[in-house]
A.B. asks: 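Have a look at this one before I ask anything.
This structure is a prediction, so every number in the text was calculated from the model and none was measured.
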Amino acid sequence: MEPEHPVIDAHHHLYDRPGSQYLFDDYLADLGTGHNVRATVFLQARAMLRAHGPEHLKPLGETEFANGVAAMSASGIYGATQVCAGIVGFADLTLGDGIRPVLERHISLAGGTTVSGGRFCGIRQSLTWDPDATLTNPLYPTSECQMDTTAFRAGFAHLAPLGLSFDAWVFFHQLRRLAVLARAFPETSIVVNHCGGFVGIKGYQGRGDTVFQEWRQGILELAACPNVMIKLSGLGMRLSGLTFEGQDRAPSSMALAQAWRPWLETCLTAFGAHRCMFGSNFPVDKGNHSYGVGLNALKRVLGTSTPADKANVLWRSAKTFYRLPIDCAAPLSSGMNADVSRSNG
C-alpha cells in the first residue's frame, strides 16, 4: 500500500543466539516487500555482548556490532536503506554518576563525540515490572519502583547533557510512574516503546476493558509531557493478546488494522501524529505477521490522515527524535533495496 511514502523503521533488533538468529541479511529480506524504507533504528537486545571484562562494559559490544552493520549498509552495496542509521544501546543507569564514562564510550564507538553523537542516539534499559514475574524477561532484572530510585535517577540525569534520549519499555500500569519521571527530567527526550506496553495474556486475559481504561489514562498523562513521544510498535507480540495464534493462515492487513485500531487511534489522538513513530519490532513481531503486512495495517489505520500526519508517523517523527541525517524528501537511487537476493531470509 502507498509504496511511494518514505518510511523510517524506528525499532528493530539484530542478534545471533542459540536457536535464534536474525542478522543483516535476514532483515534486508524482510525489508524487500515494496515499502520505501529509507532508514532504521537499531534497539538493544543483548546482541554480541563482550565476552570478557567488567559486566557494565559488556554491552559496548552490541554498539560495536550495530555500528559495523551500519557501516556495511552505508556502503550502498546492500541497497539504499540506511540500516542502523540510529543505534540505541544498553547501559545500567543504576550505576548513578558512574554511568557517564560508559555512555561516552558508547558514543565514541558509534563515531560520535560529546559534541556530535554520531549514530549512537540513546539508551534503553527495560523497566518492565509486574507482580507476575513470568511476564518479564529475567535477563533484565528490575523492581516496581526502580525508576524512582536515587541511583537510577542519578544515572538518568546524564542522558540529556550528552544529547542522548531514553527508550522506555514499561507495562501499561507503569505509565503514570513514567510520567512522573518525565516531569522530573523535562530536558530529557523519552519515547515510549510498543504503544505503552498493554498486556492481554495470563492474569490480564479477559480483562480487556479494564486494561484499556488504565492504559488510556496512562497514555493521556504521558501525552501531557512535551518531552515524551510514542512508538506505534509491538502489537504483534504475544504479550499484547492481539495475536492470531492457532489460525490456519497469517492475518491480513485488514484483520490487523481492525484489531489494532483502538490502541493506535488512542495514541494518535493523545500525542498527535508529530509525536508518534512507526517501529516494526522485527523480528519479535514476525511471529505474528510479515513486515509488509504489518506496515500495510498501520497505513490502513492512518487511512484518510493528512499527508503531513502520515509523513510524521511514517518517518518525520523518528528522524526528528533520533536526529537522523536522512533526507526522506530526496528520491531514492535506482539501487533501492538492490541485491537483497543475497540475503538468506
A.B. asks: Taking CZ in Arg249 as the centre, count heavy atoms belonging to other residues, nucleotides or ligands within less than 6.0 Å. Is the count above 12?
C.D. replies: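 No.
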A.B. asks: At their closest point, which heavy atom of Gly292 faces which heavy atom of Thr33, and how far apart are they?
C.D. replies: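 So the minimum-distance heavy-atom pair works out to CA-OG1, 3.7 Å.
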A.B. asks: With no hydrogens and no angle check, is any side-chain donor or acceptor of Asn281 less than 3.5 Å from a backbone partner on His12?
C.D. replies: no
A.B. asks: Might you point out which heavy atoms bring Ile87 and Thr63 nearest each other, and give the distance in Å?
C.D. replies: CD1-O, 4.3 Å
A.B. asks: Does a side-chain heavy-atom distance below 4.5 Å link Val313 with Met277?
C.D. replies: no
A.B. asks: Evaluate the side chain to side chain contact (heavy atoms under 4.5 Å, CB included) criterion for residues Ile219 and Trp215: first the C-alpha distance (whole Å), next the side-chain angles of each, then the deciding distance (0.1 Å), finally the verdict.
C.D. replies: CA-CA 6 Å; Ile219 289 294; Trp215 168 81; 3.5 Å; yes
A.B. asks: Could you tell me whether the side chain of Val293 reaches within less than 4.5 Å of the side chain of Leu295, counting heavy atoms only?
C.D. replies: no
A.B. asks: Step by step, would you call Leu314 with Leu298 a side chain to side chain contact (heavy atoms under 4.5 Å, CB included)?
C.D. replies: CA-CA 9 Å; Leu314 294 176; Leu298 174 60; 4.1 Å; yes
A.B. asks: Decide yes or no for Leu178 and Glu221: does some side-chain heavy atom of the first lie under 4.5 Å from some side-chain heavy atom of the second?
C.D. replies: no
A.B. asks: Got a donor-acceptor contact below 3.5 angstrom from the Asn288 side chain to the Phe244 backbone?
C.D. replies: yes
A.B. asks: How are the rings of His289 and Phe282 set relative to one another: parallel (under 30°), tilted (30 to 60°) or perpendicular (over 60°)?
C.D. replies: tilted
A.B. asks: Whether the Asn296 and Tyr291 side chains hold a donor-acceptor pair (N or O, under 3.5 Å, no angle test) is what I'd like checked.
C.D. replies: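 No, no side-chain donor-acceptor pair sits under 3.5 Å.
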A.B. asks: So does Val69 get a backbone contact from the side chain of Ser73, meaning a donor-acceptor N/O pair under 3.5 Å?
C.D. replies: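 Such a contact is absent between Ser73 side chain and Val69 backbone.
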A.B. asks: Using the rule that Ile, Leu, Val, Met, Phe, Trp and Tyr join whenever any side-chain heavy atoms are under 4.5 Å apart, tell me whether Val301 and Met1 fall into a single cluster.
C.D. replies: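 No, no single cluster joins them.
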A.B. asks: Does any non-hydrogen side-chain atom of Phe42 lie less than 4.5 Å from one of Val88?
C.D. replies: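 Counting from C-beta outward, Val88 and Phe42 never come under 4.5 Å.
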A.B. asks: Looking at CG of Leu256 and CE of Met254, how far apart are the two atoms once the value is rounded to the nearest 0.5 Å?
C.D. replies: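 Answer for the CG-CE pair, Leu256 versus Met254, is 11.0 Å.
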A.B. asks: Is it possible for you to say whether Leu49 and Leu57 belong to one hydrophobic cluster, with membership spreading through side-chain heavy-atom contacts below 4.5 Å?
C.D. replies: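 In one cluster with Leu49: Leu57, no.
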A.B. asks: Are any non-hydrogen side-chain atoms of Leu159 and Leu93 less than 4.5 angstrom apart?
C.D. replies: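 Yes, close enough: below the 4.5 Å cut-off.
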A.B. asks: With respect to Glu2, which candidate in Lys310, Lys299, His35 satisfies the side-chain hydrogen bond (donor to acceptor under 3.5 Å, both in side chains) definition?
C.D. replies: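 Option passing the side-chain hydrogen bond (donor to acceptor under 3.5 Å, both in side chains) with Glu2: Lys310.
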A.B. asks: Once you round to the nearest 0.5 Å, how far does CD1 of Ile123 lie from CZ of Phe156?
C.D. replies: 11.0 Å
A.B. asks: What are the two closest non-hydrogen atoms of Ala223 and Ala270, and how far apart are they?
C.D. replies: CB-O, 3.5 Å
A.B. asks: Cluster question for you: counting only ILVMFWY and a side-chain heavy-atom cut-off of under 4.5 Å, with indirect links fine, are Val211 and Val192 together?
C.D. replies: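 Yes, it is one cluster - the side chains of Val211 and Val192 are joined through contacts under 4.5 Å.
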A.B. asks: Give a yes or no answer on whether the side chain of Asp9 reaches the backbone of Ser280 with a donor-acceptor pair at less than 3.5 Å.
C.D. replies: yes
A.B. asks: Under a 4.5 Å side-chain heavy-atom rule over Ile, Leu, Val, Met, Phe, Trp and Tyr, are Leu14 and Ile77 clustered together?
C.D. replies: yes
A.B. asks: After noting the C-alpha distance and the side-chain angles of Ile230 and Arg275, does the key distance pass the side chain to side chain contact (heavy atoms under 4.5 Å, CB included) rule?
C.D. replies: CA-CA 6 Å; Ile230 194 164; Arg275 293 165 64 199; over 6 Å; no
A.B. asks: Before giving the answer on side chain to side chain contact (heavy atoms under 4.5 Å, CB included), spell out for Gln213 and Asp209 the whole-Å C-alpha distance, their side-chain angles and the decisive distance to 0.1 Å.
C.D. replies: CA-CA 6 Å; Gln213 291 306 320; Asp209 289 343; 5.6 Å; no
A.B. asks: Provide the closest heavy-atom pair for Leu324 versus Cys121 in the form atom of the first, atom of the second, distance.
C.D. replies: CD2-SG, 4.4 Å
A.B. asks: Checking side-chain hydrogen bond (donor to acceptor under 3.5 Å, both in side chains) against Arg50, which of Glu55, Glu62, Glu64 comes through?
C.D. replies: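 For Arg50, the side-chain hydrogen bond (donor to acceptor under 3.5 Å, both in side chains) test succeeds with only one of Glu55, Glu62, Glu64, which is Glu64.
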A.B. asks: So Asp26 and Gln21, side-chain hydrogen bond (donor to acceptor under 3.5 Å, both in side chains) or not? Walk me through it.
C.D. replies: CA-CA 9 Å; Asp26 303 302; Gln21 183 184 83; over 6 Å; no
A.B. asks: Report yes if some heavy atom in the side chain of Asp167 is under 4.5 Å from a heavy atom in the side chain of Lys231; otherwise report no.
C.D. replies: yes
A.B. asks: Are the side chain of Lys58 and the backbone of His52 linked by a donor-acceptor contact shorter than 3.5 Å?
C.D. replies: no
A.B. asks: Report yes or no: does Arg300 contribute a side-chain atom to a donor-acceptor pair with the main-chain N or O of Ala257 at less than 3.5 Å?
C.D. replies: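 No; zero donor-acceptor contacts below 3.5 Å.
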A.B. asks: Can you tell me how far CG of Asn36 sits from NE2 of His5, rounded to the nearest 0.5 angstrom?
C.D. replies: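 Rounded to the nearest 0.5 Å, the NE2-CG separation comes out at 10.0 Å.
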A.B. asks: Taking all atoms of both residues into account, what is the closest heavy-atom pair of Cys225 and Ala179, and its distance?
C.D. replies: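 Scanning both residues completely, I find the closest heavy atoms to be SG-O, 4.0 Å.
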A.B. asks: If only atom types and distance count, is the side chain of Gln174 paired as donor or acceptor with the main-chain N or O of Trp129 below 3.5 Å?
C.D. replies: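 Looks like yes, one N/O pair under 3.5 Å.
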A.B. asks: So do the side chains of Gln125 and Gln146 get within less than 4.5 Å of each other, counting heavy atoms only?
C.D. replies: yes
A.B. asks: Kindly compute the distance separating CG (Asp130) from OG1 (Thr142), expressed to the nearest 0.5 Å.
C.D. replies: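 One gets 12.0 Å once the value is rounded to the nearest 0.5 Å.
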A.B. asks: Take a 6.0 Å sphere around CE of Met72 and say whether it holds more than 12 heavy atoms from other residues, nucleotides or ligands.
C.D. replies: yes
A.B. asks: Does a side chain donor of either His194 or Ser233 reach within less than 3.5 Å of an acceptor in the other side chain?
C.D. replies: yes
A.B. asks: Please verify the inter-ring angle class for Tyr15 with Tyr22; under 30° counts as parallel, over 60° as perpendicular, anything in between as tilted.
C.D. replies: tilted
A.B. asks: Backbone N or O of Thr266 within a donor-acceptor pair of the Thr269 side chain at under 3.5 Å?
C.D. replies: no
A.B. asks: When you look at CZ of Arg183, are more than 12 heavy atoms from neighbouring residues, nucleotides or ligands closer to it than 6.0 Å?
C.D. replies: yes
A.B. asks: Hey, does the side chain of Thr81 reach the backbone of Val37 with a donor-acceptor pair shorter than 3.5 angstrom?
C.D. replies: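 A pair under 3.5 Å: yes.
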A.B. asks: Is it possible for you to say whether Leu164 and Leu95 belong to one hydrophobic cluster, with membership spreading through side-chain heavy-atom contacts below 4.5 Å?
C.D. replies: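 The answer is yes; both residues are in one hydrophobic cluster.
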A.B. asks: Evaluate the side-chain proximity of Arg100 to Leu162: yes if any heavy-atom separation is below 4.5 Å, no if none is.
C.D. replies: yes
A.B. asks: Going from OH on Tyr78 to CG on Leu28, what distance comes out if it is rounded to the nearest 0.5 angstrom?
C.D. replies: 9.0 Å
A.B. asks: For a quick test of reading the model, state the closest non-hydrogen atom pair linking Thr136 to Thr128 and the distance between them.
C.D. replies: CG2-O, 3.7 Å
A.B. asks: Are any side-chain N or O atoms of Asn227 and backbone N or O atoms of Phe185, one a donor and one an acceptor, separated by less than 3.5 Å?
C.D. replies: yes
A.B. asks: Testing Trp260, Phe171, Tyr204, Trp263 one by one against Phe198 for a ring pair (Phe, Tyr, Trp, His ring centres under 6.0 Å), which residue passes?
C.D. replies: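 Of the listed options, the one satisfying the test is Trp263.
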A.B. asks: Working to the nearest 0.5 angstrom, can you tell me the gap between Cys267 SG and Arg216 CZ?
C.D. replies: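 One gets 11.5 Å once the value is rounded to the nearest 0.5 Å.
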A.B. asks: Parallel under 30°, tilted from 30 to 60°, perpendicular over 60°: which one fits the rings of Tyr140 and Phe90?
C.D. replies: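 Because their plane-to-plane angle lies in the 30° to 60° range, the rings of Tyr140 and Phe90 count as tilted.
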